[in-house]
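Heads up, the thing below is written out as structure tokens.
From a predicted model like this one, the values you see are computed outputs, not experimental measurements. Every number for a ligand or one of its atoms is a count from 1 in the order of the listing.
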Amino acid sequence: MTGPAEAVSEARLWARLMDMARIGAIPGEGVNRACLTPLDRQARRLLIGWAESIGAAVSVDPAANLWLRRAGSEAEAAPVLTGSHMDTQPNGGRFDGIYGVLAGLEALTALHESGTVTRRPIEVVAWTNEEGGRFAPGCMGSMAWSGCKPLDAFAEVRDPDGVRFADALAEHLAEEADLPRRPLGNKPHAYVEAHIEQGPRLERDGRDIGVVTGIQGSRWFTVTLTGETAHAGTTPLALRRDAVQDMVRAVAALNALMQDPADVLRFTVGRIVVHPNTSNSVADRVAFTIDLRHPDAAVLRDRGDAIAATVAAAVRNTGVAVEENFHALPVAFDPLVIDAVEHAAAAQHVSSLRLPSGAFHDAQFVVPICPTGMIFVPCRNGISHNPAEFSSPAQLASGTRVLADALARLAA
Ligand code: GLV
Ligand code: MN
Ligand code: MN
């Protein structure tokens, strides 16, 4: 009899990834599928149909995390959990997130087709709003599930159109009122998330599988500078309180603060909102985001804590407000899952490499709850958060075989 890894179908996995990529497709083979939108719901219904075809039990929790469960021989045993997210960046690719969900479903399908009975149940979760592209920050679903933040803490967050998170969530849950509900939180035996690497190391080193050892820390801030709008043709520069010019000063000072000769620290200003945003008015307000990352919690703390004073010292005459809306501490993964993934890779005769994750993932928030780890597969040129993101059908299937094997080991 074949085992679950042998029953993984590369063709089915690829076809399902391509079916999902059509939901929210954008030019250049990219995807824009924001969380809690009709497109998100369409993708989830497709997933639910596939899950039901193998008899998996579907449920949804108050954060709209979507759960697919395959029973084990011991109904009460703590489940082994896998999954990832289905939302994308606004200019995203076809694999970030959805791969981990569909790899989880493919593993369940392979277990089903190979007639494998596991002692523990196995669950696949699609976490809500991992990307933070519509509602910031990301990882809201996993943070609410793990108790890292109460779900209510996100209620007043607004998307760029002014829609409250609480309203989008309520609308979404009403559309899924036919699905059984489950509460937030539980205690899995272990969590293992499959994902594309989103960096260049596996490809560069010619390895098939990344055995992820942990995730660096991240902090997100929004800096708002408030000046005064004025006529661009008439107002002398000396009389202006120009929020754009002060933003330029602030970002220059922040670049100096964030200097790191070792090139480990990551500092990104990725979103700038200017008001009134016309050519011939001085801007009275600029809000810009900061994404700061480092593997060392002390560096992350010290540089992040210096942001407000650095901006205040750099601006000339605008008011400064700095708000922090995300703080994910660096985490180390658990040897139980690291070893299971490494053994699964060896059993599948694929090469592997231990490496940390530069991207954050929902797994970061599962770490305090149960032994956690991740599986990476290579992606072309390390490109991600970009329509050009690509991993081959063979690479994706190889990661899925390792996932199926690791899940079977952890659930045995
Ligand atoms: C995840 O999308 C990240 O920004 O690391
Ligand atoms: Mn992702
Ligand atoms: Mn992402």
Side-chain angles (χ1 to χ4, degrees), residues 17 20-21 24 26 30-35 40 43 65-66 82-104 124-143 191-202 210 212 214-222 264-271 289-295 300 304 325-331 333 355-367 372-379 382-391 396 399 403:
L17 282 161
M20 283 290 181
I26 56 174
V31 182
N32 177 6
R33 192 171 56 237
C35 72
D40 186 19
N65 299 313
L66 179 62
T82 186
S84 194
H85 60 98
M86 299 177 71
D87 62 322
T88 73
Q89 287 286 312
N91 193 41
R94 295 176 289 174
F95 306 99
D96 176 2
I98 190 67
Y99 169 59
V101 175
L102 291 182
V124 179
V125 60
W127 301 108
T128 298
N129 185 28
E130 190 273 349
E131 291 289 2
R134 179 180 179 199
F135 296 102
C139 297
M140 282 186 184
S142 50
M143 283 196 275
Y191 176 64
V192 52
E193 176 170 348
H195 207 283
I196 61 166
E197 183 197 348
Q198 307 182 279
R201 282 192 62 188
L202 292 174
V212 188
I215 307 182
Q216 70 174 340
S218 306
R219 296 177 76 176
W220 281 12
F221 301 85
T222 301
V264 172
L265 184 147
R266 300 283 176 261
F267 168 72
T268 306
V269 174
R271 181 161 193 258
T289 59
I290 294 172
D291 178 312
L292 171 65
R293 309 199 189 195
H294 201 279
L300 192 69
N325 62 0
F326 187 57
H327 193 156
L329 291 169
V331 295
F333 286 152
L355 81 179
S357 174
F360 61 72
H361 298 282
D362 294 300
Q364 205 148 356
F365 297 97
V366 184
V367 165
T372 294
M374 293 186 73
I375 298 170
F376 279 171
V377 297
C379 61
I383 291 172
S384 184
H385 285 191
N386 182 325
E389 190 178 85
F390 181 78
S391 298
L396 296 160
L403 176 67

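Scored by the side chain to side chain contact (heavy atoms under 4.5 Å, CB included) test, A126 finds L66, M86, V101 as partners (sequence neighbours excluded). Applying the side-chain hydrogen bond (donor to acceptor under 3.5 Å, both in side chains) criterion to S218, with sequence neighbours excluded, gives no partner residue.
Under the 3.5 Å distance criterion, with hydrogens and angles disregarded, a donor-acceptor pair is assigned to the side chains of D362 and S142. A donor-acceptor contact closer than 3.5 angstrom is absent between the side chains of W127 and N65.
Between D96 and E389 the shortest heavy-atom distance is N-OE1, 2.9 Å. Scanning all heavy atoms of the two residues, the minimum distance from N325 to A136 falls at ND2-CB, 3.9 Å.
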Taking it one step at a time, do F376 and H361 satisfy ring-ring contact (aromatic ring centres under 6.0 Å, His included)?
CA-CA 12 Å; F376 279 171; H361 298 282; 5.8 Å; yes
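The aromatic rings of F326 and F365 sit tilted relative to each other, their planes meeting at an angle between 30° and 60°.
For the Mn ion (ligand 2), the set of protein N/O/S atoms nearer than 2.8 Å consists of H85 NE2, D96 OD1, H195 NE2, ordered by chain and number.
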Pairs under 3.5 Å, N/O atoms on ligand 1 and on the protein: can you put them in a table with the distances?
from, atom 1, to, atom 2, distance (Å)
ligand 1, 2 (O), E131, OE1, 2.9
ligand 1, 2 (O), H385, NE2, 3.2
ligand 1, 4 (O), R293, NH2, 2.8
ligand 1, 5 (O), R293, NH1, 2.6
ligand 1, 5 (O), R293, NH2, 3.4
ligand 1, 5 (O), F360, N, 2.8

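Aromatic pair H85/Y99: centroids not less than 6.0 angstrom apart.
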